[in-house]
Amino acid sequence: MSDVLIDGRSVCRLRPGWRLQWEEAQQRHVLLYPEGMVQLNDTAGAILAQLDGQRDVDAVIATLQAHYPEAPATAIAEDVHEFMVDAAQQGWIHHD
């Protein structure tokens, strides 16, 4: 796979046809796509829930830092960036 360049100003959204949904039976977020489903951990669900196609990565990080003040800010920023790059490489998200 090619390197994906996502920085703080990148604006990300779910890939067309994909949808984030809370799955009550599994007590977790899932990512639904035409051919199936991806079960997400809590961190992935929290990050993807912030992707609205309008806020940039820095805004997503700020929102999560405010929501989880007990977590180190640098850890949140690193986790978000790593996840966004991985999600883009897997084709889950698109970014500008």
R13 side chain near L51 side chain, heavy-atom distance below 4.5 Å: no
Sub-4.5 Å side-chain heavy-atom contact between V30 and L32: yes
Whether R55 side chain and Q50 backbone form a donor-acceptor pair below 3.5 Å: yes
Close side-chain approach of D56 and S10, heavy atoms under 4.5 Å: no
Taking every non-hydrogen atom, the tightest pair across P34 and G17: CD-O, 3.6 Å
Student check: side-chain heavy atoms of W92 and D86 closer than 4.5 Å: no
Mutual orientation of the aromatic rings belonging to W22 and H29 [parallel < 30°, tilted 30-60°, perpendicular > 60°]: perpendicular
Side-chain cluster (under 4.5 Å, hydrophobic types only) that L5 belongs to, other residues: none
Any side-chain donor near an acceptor of the partner, R28 and Q26, under 3.5 Å: no
Side-chain touch W18/I93, heavy atoms, less than 4.5 angstrom: no
Side-chain (Q27) to main-chain (E24) donor-acceptor, under 3.5 angstrom: yes
Shortest non-hydrogen separation from L48 to L14 and the atoms involved: CD2-CD2, 4.0 Å
M84 versus V57, closest heavy-atom pair with distance: CE-CG2, 3.7 Å
Side-chain donor/acceptor of H81 to backbone N/O of I6, under 3.5 Å: yes
CG/D42: more than 12 non-hydrogen atoms of other groups inside 6.0 Å: no
Heavy-atom side-chain contact between D52 and V11 under 4.5 Å: no
Donor-acceptor pairs under 3.5 angstrom involving side-chain atoms of residues 61-69: please list them, not counting sequence neighbours.
from	atom 1	to	atom 2	distance (Å)
T63	OG1	A59	O	3.0
Q65	NE2	A73	O	3.0

